[in-house]
Amino acid sequence: MAHESRLIANNKKAFHDYFIEDKYEAGIVLHGTEVKSLRMGKCSIKEAFVHIDNGEVFVYGMHISPYEKGNIFNKDPMRPKKLLLHRAQIMKLKGQISEQGYTLVPLQVYIKEGLAKMEIGLAKGKKLYDKRQDIAKKDQRREHEREFKIKNL
C-alpha cells in the first residue's frame, strides 16, 4: 500500500526569506468543518507563523476558509491551531529557537494517509544580500537553461 500525500498549501515565501535548517512533520488539531474545507484546498499559510506556548506548539495566521455547508458549526478561520509533536521534539525546538536569529515557519500543509499534516521548518532569517545572491543564481540557472534549449533545437 503506497503512502498517499496530497499537497494543500505551500509557503514559497519562507524559502525566499529564510535559510531552512531542519524540517519537522506535525499533525494539526482541526474541527469537523475545517477538515472538509481543507480537503477542498481552501487553506493559506502565507502570513502564518509558529510559536511555542507552555510546552505546546501553535500556528497563528493560518487561514482555513469557512465550509459553505457548515453554517453554525464553522469556526473562526484565523483561530490559532495546535500542532502535534513529540515532547522531545518540542523541547529540542524550544532550545534551538532561544538561539539568536532562529524561528519556526510553516512550509506546507498536506493530507497524508487521511490526516492533516504540516511541515514546519527551523529557519534562520536571510539578509538582503543573501536574497540578492539567490535571485542572481536563479537568473543564471534560467539563462543556462535557455542557452541549452537554443543549442539543442
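Here, residue 1 is the first one in the sequence, and each next residue gets the next number. What you see is a predicted model, and the numbers here were worked out from it, not measured in a lab.
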Answer yes or no: are there more than 12 heavy-atom neighbours, outside Q89 itself, under 6.0 Å from its atom CD?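 Correct, the count exceeds 12.
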Quick check on M91: does its CE atom have over 12 non-hydrogen neighbours (other residues, nucleotides or ligands) under 6.0 Å away?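 Counting other residues, nucleotides and ligands, CE of M91 stays at 12 neighbours or fewer.
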Apply side chain to side chain contact (heavy atoms under 4.5 Å, CB included) to residues H16 and I135 and explain how you reach the verdict. CA-CA 9 Å; H16 183 261; I135 291 170; 4.2 Å; yes
For residues [X] and [Y]: do they belong to one hydrophobic cluster (side chain heavy atoms under 4.5 Å, members Ile, Leu, Val, Met, Phe, Trp, Tyr)?
X    : Y    : value
L84  : L104 : no
V57  : Y60  : no
Y24  : F15  : no
L107 : Y102 : no
I97  : F49  : no

Considering only heavy atoms from C-beta outward, does the side chain of [X] approach that of [Y] to under 4.5 Å?
X    : Y    : value
L85  : L93  : yes
H31  : K36  : no
V105 : I45  : no
L38  : V109 : yes

Go through it in stages, so that I can follow the logic: the residues are T103 and V50, the test is side chain to side chain contact (heavy atoms under 4.5 Å, CB included), and I'd like the CA-CA distance, side-chain angles, deciding distance and then a yes or no. CA-CA 8 Å; T103 187; V50 179; over 6 Å; no
Straight-line distance of R87 CZ to K94 NZ, nearest 0.5 Å: 10.5 Å
Spacing of K46 atom NZ and K12 atom NZ [to the nearest 0.5 Å]: 8.5 Å
Judged by atom type as modelled, is there a donor-acceptor pair below 3.5 Å linking the side chain of [X] to the main-chain atoms of [Y]?
X    : Y    : answer
D22  : L122 : no
S37  : S65  : yes
R39  : G114 : yes
E56  : D53  : no
K117 : I28  : no
E147 : H144 : no

Which one of Q108, K81, M62 satisfies the side chain to side chain contact (heavy atoms under 4.5 Å, CB included) criterion with M118?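 Exactly one pass, corresponding to M62.
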Pi-cation contact, F19 with K124 (under 6.0 Å, within 45°):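 Verdict for F19: no cation-pi partner in K124.
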Take K42 and H63 through the test side chain to side chain contact (heavy atoms under 4.5 Å, CB included) and record every step on the way to the result. CA-CA 8 Å; K42 310 252 176 143; H63 185 274; over 6 Å; no
Go through it in stages, so that I can follow the logic: the residues are E25 and Y110, the test is side chain to side chain donor-acceptor pair (under 3.5 Å), and I'd like the CA-CA distance, side-chain angles, deciding distance and then a yes or no. CA-CA 10 Å; E25 181 181 71; Y110 53 93; 2.5 Å; yes
Would you name the heavy atoms of [X] and [Y] that are closest together and state the gap between them?
X    : Y   : result
G55  : I90 : O-CD1, 3.6 Å
A123 : I20 : CB-CD1, 3.9 Å
C43  : I8  : CB-CG2, 3.9 Å

salt_bridge(R146, E143) N-O dist < 4.0 Å: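 Salt bridge: yes.
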